[in-house]
Number of protein chains: 4
Amino acid sequence: MTRGNTRQRIQDVALELFAEQGYERTSLREIAERLEVTKAALYYHFRTKEDIVVSLFKDLTRPIDELIEWSKQQPRTLEIKREILCRYQEALSAAAPLFRFMQENQATVRELSIGETFKERMIALIELVQEPGSCMTDRVRCISALFTMHAGMFFTQNVEGDPEEKREAILEVAIDLVTQAHHRSQSQTETPWARRNETGLTAEP
Amino acid sequence: MTRGNTRQRIQDVALELFAEQGYERTSLREIAERLEVTKAALYYHFRTKEDIVVSLFKDLTRPIDELIEWSKQQPRTLEIKREILCRYQEALSAAAPLFRFMQENQATVRELSIGETFKERMIALIELVQEPGSCMTDRVRCISALFTMHAGMFFTQNVEGDPEEKREAILEVAIDLVTQAHHRSQSQTETPWARRNETGLTAEP
Amino acid sequence: MTRGNTRQRIQDVALELFAEQGYERTSLREIAERLEVTKAALYYHFRTKEDIVVSLFKDLTRPIDELIEWSKQQPRTLEIKREILCRYQEALSAAAPLFRFMQENQATVRELSIGETFKERMIALIELVQEPGSCMTDRVRCISALFTMHAGMFFTQNVEGDPEEKREAILEVAIDLVTQAHHRSQSQTETPWARRNETGLTAEP
Amino acid sequence: MTRGNTRQRIQDVALELFAEQGYERTSLREIAERLEVTKAALYYHFRTKEDIVVSLFKDLTRPIDELIEWSKQQPRTLEIKREILCRYQEALSAAAPLFRFMQENQATVRELSIGETFKERMIALIELVQEPGSCMTDRVRCISALFTMHAGMFFTQNVEGDPEEKREAILEVAIDLVTQAHHRSQSQTETPWARRNETGLTAEP
DNA sequence: CATGAATGAGAATTCATTCAT
DNA sequence: GATGAATGAATTCTCATTCAT
């Protein structure tokens, strides 16, 4: 009758509700009702409630894993870093509801056998846009760049303006941050005496 | 024995558990057990579970409200913006567990009659460090500055290094971001021709 | 591949699991999984879960029915009684898992439309090794003889020693019990004056 | 209102229903309904369904533990063995419904974190009425003696006759069995040549 | 012969909450 | 101030069973 797409439909509705109300506030009854199936049907497709989240996570997280994998293969040039940020943004918006969910249900997700996995990914990415051995400030800059993109989810919903314009602005700021960190570290290594000079942003003429 | 401070103790333990496990995953039974009182005792001090959170929120959020109030009184100079960020960081670390809780339970908090309140505060602060009418990129920079501080909670726990050093680095990066936005807007208004020149980060040799 | 013997395989696996975990604790899903077929396949071969048990019962209980039938044809001599016990033991060990199941799931079996049937069989057998009108003690002896054999199932698994040796010992004790009952009843009938004298076991020097 | 006896009432009703229908076939709803309380009330008094059984078990099993303890202190004379059997019978009938339950739900009980405990107790008792190093047949006799008493539960319900008379008959048979084992072992040790002679039961004039 | 998909009924358990004492 | 006892409503999950294909 409904043909093999039920599993997919469960995932869709579940994600929608999880993102909207949170994981614990969303009951399987609710999901089932919205799908006009019985609770038991959900259990035909997923072993537990947690399993639904895990499946969502796996399905939608793949792009990021691929990005990490790809990045590891690349040289750590500024060009590549830019590309990483750009692709990360794409991955985030492709899976926007999931990431919104992940962000807004961290406490829950942390106990959900995928939490660590997500944090690990973030740390992996941070390290990939960061020069090894760079100073604390630059490490913060890189973290900040990634969080800026996450902030985008919030930003996109709560601040007025053209979405596309916002997207570009977010990317620009993130790239700025990583660029600064990149240059400072480069100069730090190659020409330490130039350091003060490069700090740039705070010391403007 | 424990005399009169029970209300306080409930708040402490509740916050601890809420921050650790999340709001919904923490039951009143758990709180009561850890305090070695009965659930009913909690109801002597708080009308509902939600009430506990609301009370925490009110107690610990005051500094931020005061900060907002104070900021509104001040001229929008760079100096003041710096001060705002600095004070915001202090407020955040003073109430670290609460903010960790707020951040990790957004989905829950959103339905909790205080959620909007929190978002509103964020938006108020963003506007206070932002020049009115500034371009999208600069708005993002300000948002990013605030989120950088939030990222600090994550950062503080998951990245190695001296806490004080981290704190300073975070503040530095946030100030950087706001400073950039500040200068660009100034120049944009006063000397539009200087704009390109000021962009700094994107204009690499 | 497995061709036609599926019904048999279901019975085997079901009995195995029922004996191991009990009837209610064993779900059809479990049986199906162990067989690597679907639950629905079970329903092709058996109308209900209960049906599986009933079929097992019927298949494996026949020897006992035959034994009862045969016994009824025989004269009630001591020789025959010995034979009955011996054959009963054989029947029990041939169907050991079933009887283990019956013994360990009596509460369940009782509601299963076969329970009474089993009890009836026991009573029938007891009567066949017992002299009609014998005294209470001798009736107990006969009951005890049969239960001794049942105890064998327990004994076999929880006490060390050579299985064959155990089997013989069990049979010996059972025969002893029935023999005593047999003789006492004989003498009771024929030479009542000898009774006290025969009590034997309780009369210590 | 109902005063502190609710816990007791739950145990009573639960045992009644467990003994009647079996553990798994008895739902907490049923117990609660019969008591005219809510299911949740049961959970106020017991942490789980299993806990109810465990509590029953503990409350009612104590006499047997005490019997075992006492027996260990005594010399292994025939007198003492008689006493053990006699007391065991008393313990059994005092806790008749529980033992009926244990016997009829062995498969269930086995997974219930008390199963082994029960078996261990049986084995302990068997060893206490048995001469160390006695032959297989005599070991069976002792096992049989204990099982005879268990059979009593069955016997009492399915065979006609005065209960008190039955009780005595059961005890007599059990004592007979242990007595035989006792004597045989004694003579075996002291006067091996007398062995045949002592077997008694099989060698009748 | 067998499966994939689904259901309806019911299970155990948990939770926030109440209230007489 | 606090407790012991209880409730009502919900939740996750499991199970035997069905049926079109």
Side-chain angles (χ1 to χ4, degrees), chain A residues 1-7 10 24-32 35-52, chain B residues 1-7 10 24-32 35-52, chain C residues 1-7 10 24-32 35-52, chain D residues 1-7 10 24-32 35-52:
Chain A
M1 207 175 247
T2 37
R3 310 244 316 288
N5 61 334
T6 303
R7 195 190 144 94
I10 293 172
E24 354 255 349
R25 293 183 107 88
T26 303
S27 74
L28 295 185
R29 179 181 51 68
E30 230 172 330
I31 297 175
L35 282 166
E36 295 185 285
V37 296
T38 54
K39 272 176 290 164
L42 306 184
Y43 281 91
Y44 177 75
H45 295 281
F46 297 94
R47 284 203 5 267
T48 63
K49 187 185 178 185
E50 188 169 335
D51 236 49
I52 301 182
Chain B
M1 208 174 247
T2 41
R3 306 254 317 289
N5 63 335
T6 303
R7 194 188 144 92
I10 293 172
E24 351 256 349
R25 292 182 108 88
T26 303
S27 71
L28 294 185
R29 177 177 53 65
E30 232 173 327
I31 297 174
L35 281 166
E36 295 184 284
V37 296
T38 52
K39 270 182 291 171
L42 306 183
Y43 280 89
Y44 180 80
H45 296 281
F46 297 94
R47 277 195 20 266
T48 65
K49 187 186 180 186
E50 190 169 334
D51 239 48
I52 301 181
Chain C
M1 205 172 249
T2 41
R3 307 252 320 287
N5 62 336
T6 304
R7 194 189 145 92
I10 293 172
E24 351 255 350
R25 292 182 108 88
T26 304
S27 70
L28 294 185
R29 176 175 57 65
E30 232 173 328
I31 297 175
L35 282 166
E36 295 184 285
V37 296
T38 52
K39 270 180 291 169
L42 306 184
Y43 280 89
Y44 180 81
H45 295 281
F46 298 93
R47 277 194 20 265
T48 65
K49 186 184 180 186
E50 190 169 335
D51 239 49
I52 301 181
Chain D
M1 206 174 250
T2 36
R3 310 242 316 286
N5 62 334
T6 304
R7 194 189 145 93
I10 293 171
E24 354 254 350
R25 292 182 108 88
T26 303
S27 73
L28 294 185
R29 179 181 51 70
E30 231 173 329
I31 297 175
L35 281 167
E36 295 185 283
V37 294
T38 55
K39 271 178 290 164
L42 306 184
Y43 281 91
Y44 178 76
H45 295 281
F46 297 94
R47 280 199 12 265
T48 64
K49 187 184 179 187
E50 188 169 335
D51 236 50
I52 301 181

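Chain identifiers are assigned alphabetically (A, B, ...) following the order of the sequence lines, protein sequences preceding nucleic acid strands; residue numbering begins at 1 within each chain. Side-chain atoms are counted along with the backbone in the values below, which use heavy atoms only and exclude waters and symmetry mates.
Partners of A:Phe46 by side-chain contact (heavy atoms from CB on, under 4.5 Å), not counting sequence neighbours, listed by chain and number: A:Arg7, A:Ile10, A:Gln11, A:Asp51, A:Ile52, A:Ser55. Checked against salt bridge (charged side-chain N to carboxylate O under 4.0 Å, His left out), C:Arg47 has no partners two or more places apart in sequence or in another chain.
Remark: the separation of the P atoms in E:dC1 and F:dT21 is 23 Å, to the nearest Å.
Taking atom CD of A:Glu24 as the reference point, atom C1' of E:dA16 lies 15 Å away to the nearest angstrom. Here the P atom of nucleotide F:dT12 and the CG atom of A:Asp51 are 14 Å apart, to the nearest Å. Counting to the nearest Å, the P atom of E:dA16 and the CD1 atom of B:Ile52 are 9 Å from each other.
Residues A:Arg25 and A:Glu30 come closest through the heavy atom pair O-OE1, 3.6 Å.
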Give DNA chain F the dot-bracket treatment, 5' to 3': Watson-Crick (N1-N3 with N6-O4 or O6-N4) or G-U (N1-O2, O6-N3) under 3.5 Å, [ ] crossing, | other strand. .||||||||||||||||||||

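Under a 3.5 Å cut-off, the side chain of A:Lys49 and the backbone N or O of A:Thr26 do form a donor-acceptor pair.
The residue among B:Arg7 and C:Lys49 whose nearest nucleotide of DNA chain F lies closer to the 5′ end is B:Arg7. Taking for each of B:Thr48 and D:Thr48 the nucleotide of DNA chain E with the nearest heavy atom, the 5'-most of the two is the partner of D:Thr48. Taking the nucleotide of DNA chain E with the nearest heavy atom to each of D:Glu50 and A:Val37, the more 5' of the two is matched to A:Val37.
We find the OG1-CG distance between A:Thr6 and A:Leu42 to be 10.0 Å, quoted to the nearest 0.5 Å. Rounded to the nearest 0.5 angstrom, D:Lys39 NZ and D:Ser27 OG are separated by 8.0 Å. Here the CG-CG distance, from C:Leu35 to C:Leu28, works out to 11.0 Å after rounding to the nearest 0.5 Å.
Contact check of residues 39-47 of chain D against DNA chain F (heavy atom, cut-off under 4.0 Å) returns D:Lys39, D:Ala40, D:Ala41, D:Tyr44, D:His45. Near DNA chain E, meaning a heavy atom under 4.0 Å from it, residues 25-32 of chain D has D:Thr26, D:Ser27, D:Leu28, D:Arg29 in order of number.
Listed pair C:Thr6 / E:dC1 fails the phosphate criterion, with no side-chain N or O lying under 4.0 Å from OP1 or OP2.
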